[in-house]
Q: 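Have a look at this one before I ask anything.
Numbered from 1 within each chain, the chains take letters A, B, ... in sequence-line order.
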Amino acid sequence: MADLYNLDREQVLALEGWAEKSTDALFAALEASKNRPLARILAALGIRGVGTTVAELLVSHYPSIDALATASVEELQAIEGMGPVTAQRVVEWFQRPRHREIIAKLRHAGVRMEEAETRDREARDEQPLAGLTFVITGTLPTMSRNEAKALIEAHGGNVTGSVSAKTSYLLVGESPGSKLRKAESLGVLTIDEATLRQMLEGAGASV
DNA sequence: AGGCCTCGAGATCG
DNA sequence: CTCGAGGCCT
């Protein structure tokens with residue numbers, strides 16, 4: 001049998017249930033996967049303590065895997081939010097030969113290992129949500145939770161996972177979780193997606 | 001101490 | 001997706 005990871009278009013088309021449409025979709029998805037945000041790659045490496053948030057923090061200071069891989073514990077620890085434990089784990093991860101091989105293989109396969117470009121909106125001062133912290137619960141009408149998170153962050157806001165006294169607004173969708181009750185008990189303001197969009201209007205910003 | 005993050009578990013849904 | 005436990009950071 002052929003190697004699953006090296007099938008070409010012809011070979012896939014020969015498979016039962018794989019005609020033009022699904023085959024094209026497969027290869028398109030494969031191509032697209034090589035162009036993911038660097039933070040996503042980083043978060044997927046399995047470095048203890050490095051999930052999506054810390055990965056983004058790292059990428060904001062080190063725009064390429066190579067730059068990050070050569071950083072020292074001291075340098076990493078200088079980043080606000082990075083303590084000695086996580087800094088050490090990052091450095092140790094990149095020291096392992098088998099991990100370096102993984103990086104090399106990904107790169108060889110065409111996966112982008114640098115951050116494409118820097119953010120835009122920040123420079124234009126369109127940050128109506130600066131200093132505000134949001135929590136999302138339930139299903140929103142026109143966007144996924146991730147899209148909402150990206151939208152909020154793109155306008156300067158923060159999104160966290162649990163409601164606390166520091167939460168500015170709870171963004172509530174359909175069938176909310178227990179966060180709604182907690183927000184009510186803490187007196188945290190609740191808004192819906194439409195209200196969020198109105199908050200964005202102020203700066204003349206759109207998605 | 002308090003807040004935030006990661007990550008695994010179990011519910012929910014298309 | 002939501003929730004909660006465990007752990008890191010300030």
Q: Hey, where on DNA chain B does chain A first and last touch, going 5' to 3'? Cut-off is any atom under 4.0 Å from a heavy atom.
A: dG3(B) to dC7(B)
Q: Could you tell me whether a side-chain N or O of Gln11(A) sits under 3.5 Å from a main-chain N or O of Asp8(A), the two making a donor and an acceptor?
A: yes
Q: Nearest whole angstrom, please: distance from the C1' of dT10(C) to the CG of Leu57(A).
A: 14 Å
Q: Table please: side-chain donor-acceptor pairs of residues 102-111 of chain A below 3.5 Å, with sequence neighbours left out.
A:
residue	atom	partner	partner atom	Å
Arg107(A)	NH2	Asp66(A)	OD1	3.0
Arg107(A)	NH2	Asp66(A)	OD2	3.0

Q: Reckon Gly161(A) touches a base, only the sugar-phosphate, or nothing at all at heavy-atom distances under 4.0 Å?
A: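 Nothing: the residue Gly161(A), judged by heavy atoms under 4.0 Å, touches no strand.
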Q: Can you measure Glu80(A) atom CD to dT10(C) atom P for me and round it to whole angstrom units?
A: 7 Å
Q: Quick one: ring-ring contact (aromatic ring centres under 6.0 Å, His included) partners of Phe134(A), sequence neighbours excluded?
A: Tyr169(A)
Q: Give one of base, sugar-phosphate or nothing for Ser178(A), where a contact means two heavy atoms less than 4.0 Å apart.
A: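 Contact class for Ser178(A): sugar-phosphate only.
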Q: Under the ring-ring contact (aromatic ring centres under 6.0 Å, His included) rule, collect the residues that match up with His61(A), sequence neighbours excluded.
A: none
Q: For Val85(A), which residues count as a side-chain contact (heavy atoms from CB on, under 4.5 Å) partner, sequence neighbours excluded?
A: Arg89(A)
Q: Figure out the NZ/P separation between Lys179(A) and dT2(C), and round it to whole Å.
A: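 Interatomic distance, NZ of Lys179(A) to P of dT2(C): 5 Å.
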Q: Find the distance Arg89(A):CZ to dG7(C):P and express it as a whole number of Å.
A: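 Spelled out: CZ on Arg89(A) to P on dG7(C) is 10 Å.
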Q: Just how far, in rounded Å, is C1' of dC1(C) from CG of Leu180(A)?
A: 16 Å
Q: Can you list the residues that meet the ring-ring contact (aromatic ring centres under 6.0 Å, His included) rule with Phe94(A), with sequence neighbours excluded?
A: none
Q: Does dC9(C) have OP1 or OP2 sitting under 4.0 Å from an N or O in the side chain of Thr86(A)?
A: yes
Q: Categorize Ser162(A) for me: base, sugar-phosphate, or nothing, with a 4.0 angstrom heavy-atom threshold over every strand shown.
A: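 Nothing, no nucleic acid heavy atom in range.
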